[in-house]
Amino acid sequence: MRIIKAKDYQDMSRKAANIISAQIILKPDCVLGLATGSSPIGAYQHLVEWYGKGDLDFSGVTTVNLDEYRGLPRDNAQSYYYFMHEHLFGKVNINTSRTFLPDGMEADQEAACKKYDETIRSVGGVDLQLLGLGHNGHIGFNEPGEVFEKGTHCVDLSERTIQANTRFFASEEEVPRQAYTMGIQTIMMARKILLVVSGADKAEIVRDAFFGEVTPQVPASILQLHQDVTVVADAAALSKCGELL
Ligand code: GLP
């Protein structure tokens with residue numbers, strides 16, 4: 001695991017965007033695994049800006065997103081489909097028929113998960129997977145549990161995650177209670193992983209996930225066992241790692 005220290009959110013975002021753009025330049029037909037949440041927004045802004053300057057071409061890129069709320073239609077402003085179009089897909093020359101997310105409106109859980117696993121397989125797997133980090137150590141929506149979940153599955157969101165995501169909704173009641181997410185095994189099969197994390201409120205979980213025991217109770221801890229992980233973290237997020245770095 002490579003940990004790159006960034007000064008602050010802006011610096012983290014620029015460094016992460018540089019890594020993503022290097023991937024696109026080196027392999028223009030790459031498959032990017034993408035994430036939502038506030039952590040990657042700054043990186044997406046840089047990518048959009050560099051596309052605007054003519055430095056990046058998304059025409060050959062395929063994307064698969066980590067997760068989607070169950071029961072939110074695509075035109076709901078809080079759906080991850082909407083988020084991706086707002087922050088990236090609608091602003092660059094990506095072929096939107098090559099952008100994939102789990103179908104949050106598919107009521108049949110098994111069908112939704114199977115279909116998404118098949119999609120990931122059919123695009124040839126992920127070259128570079130971008131991840132954020134939940135306060136409880138979740139990646140995608142893989143919540144702390146007894147086992148590392150394998151493929152795409154439907155998750156009951158933890159109370160902590162519902163609370164953390166309430167800020168995006170009018171009230172806590174409106175936050176969906178379930179989501180479809182790629183599993184840990186799928187995430188671990190990505191050829192490269194890039195995790196971005198920022199802020200003092202993540203300092204404890206950064207220490208536990210990357211320097212603590214590998215356990216399903218801290219889903220991101222499994223990343224310690226991946227052969228090509230880059231973590232770009234700002235000073236506040238690394239503030240509890242001290243001499244471990
Ligand atoms: C959500 C997403 C995760 C994301 C996490 C952290 O739960 N499903 O993919 O990493 O939130 O979000 P933020 O970056 O806003 O802290």
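Read the numbers this way: they start at 1 and go in the same order the structure lists the ligands and their atoms.
- In terms of modelled atom types and a separation under 3.5 Å, the side chain of Asp8 and the main chain of Ala235 share no donor-acceptor contact.
- Within a 6.0 Å radius of OH in Tyr82, no more than 12 heavy atoms belonging to other residues, nucleotides or ligands are found.
- Ligand 1 has no atom lying under 4.0 Å from any heavy atom of Arg160.
- Of all the atoms in ligand 1, the ones that sit under 4.0 Å from a non-hydrogen atom of Asn165 are 7 (O).
- Looking at Thr36 next to ligand 1, no N or O pair under 3.5 Å apart turns up.
- For atom 5 (C) of ligand 1, the closest heavy atom belonging to the protein is His138 NE2, 3.5 Å.
- The environment of Arg74 atom CZ is sparse: at most 12 non-hydrogen atoms of other residues, nucleotides or ligands sit within 6.0 angstrom.
- Given atom 12 (O) of ligand 1, the protein heavy atom at minimum distance is Gly37 CA, 4.0 Å.
- The nearest protein atom to atom 2 (C) of ligand 1, hydrogens excluded, is given as Tyr80 OH, 3.7 Å; this is a heavy-atom distance.
- In this structure, Pro219 and Ile139 approach most closely via the heavy-atom pair O-CD1, 4.1 Å.
- The nearest protein atom to atom 8 (N) of ligand 1, hydrogens excluded, is given as Asp67 OD2, 2.8 Å; this is a heavy-atom distance.
- Ring pair Tyr69/Phe141: centre-to-centre distance below 6.0 Å.
- The protein heavy-atom contact nearest to atom 6 (C) of ligand 1 is Leu133 O, 3.7 Å.
- When heavy-atom distances to ligand 1 are checked against a 4.0 Å cut-off, Thr181 has no atom that comes that close, whether in backbone or side chain.
- The side chain of Lys202, and not its backbone, has at least one atom closer than 4.0 Å to an atom of ligand 1 (non-hydrogen atoms only; side chain from C-beta on).
- Ser59 contributes no side-chain N or O that, together with a main-chain N or O of Asn93, makes up a donor-acceptor pair within less than 3.5 Å.
- When heavy-atom distances to ligand 1 are checked against a 4.0 Å cut-off, Arg167 comes that close only through its side chain, counted from C-beta outward.
- The neighbour count for Lys27 NZ, taken as heavy atoms of other residues, nucleotides or ligands under 6.0 Å away, is above 12.
- At least one heavy atom of Gly140 sits less than 4.0 Å from an atom of ligand 1.
- Rounding to the nearest 0.5 angstrom, the gap separating the OH atom in Tyr116 from the CG atom in Asp67 is 8.5 Å.
- Those atoms of ligand 1 with a heavy atom of Gly132 less than 4.0 angstrom away are 10 (O).
- Of the residues Thr63, Leu34, Thr99, the one that meets the side chain to side chain contact (heavy atoms under 4.5 Å, CB included) test with Leu88 is Leu34.
- Of all protein heavy atoms, the one lying nearest to atom 14 (O) of ligand 1 is Ser39 OG, 2.5 Å.
- If you check which protein heavy atom lies closest to atom 15 (O) of ligand 1, you get Ser38 OG, 2.6 Å.
- In this structure, CD1 on Ile24 lies 7.5 Å from CD1 on Ile94, to the nearest 0.5 angstrom.
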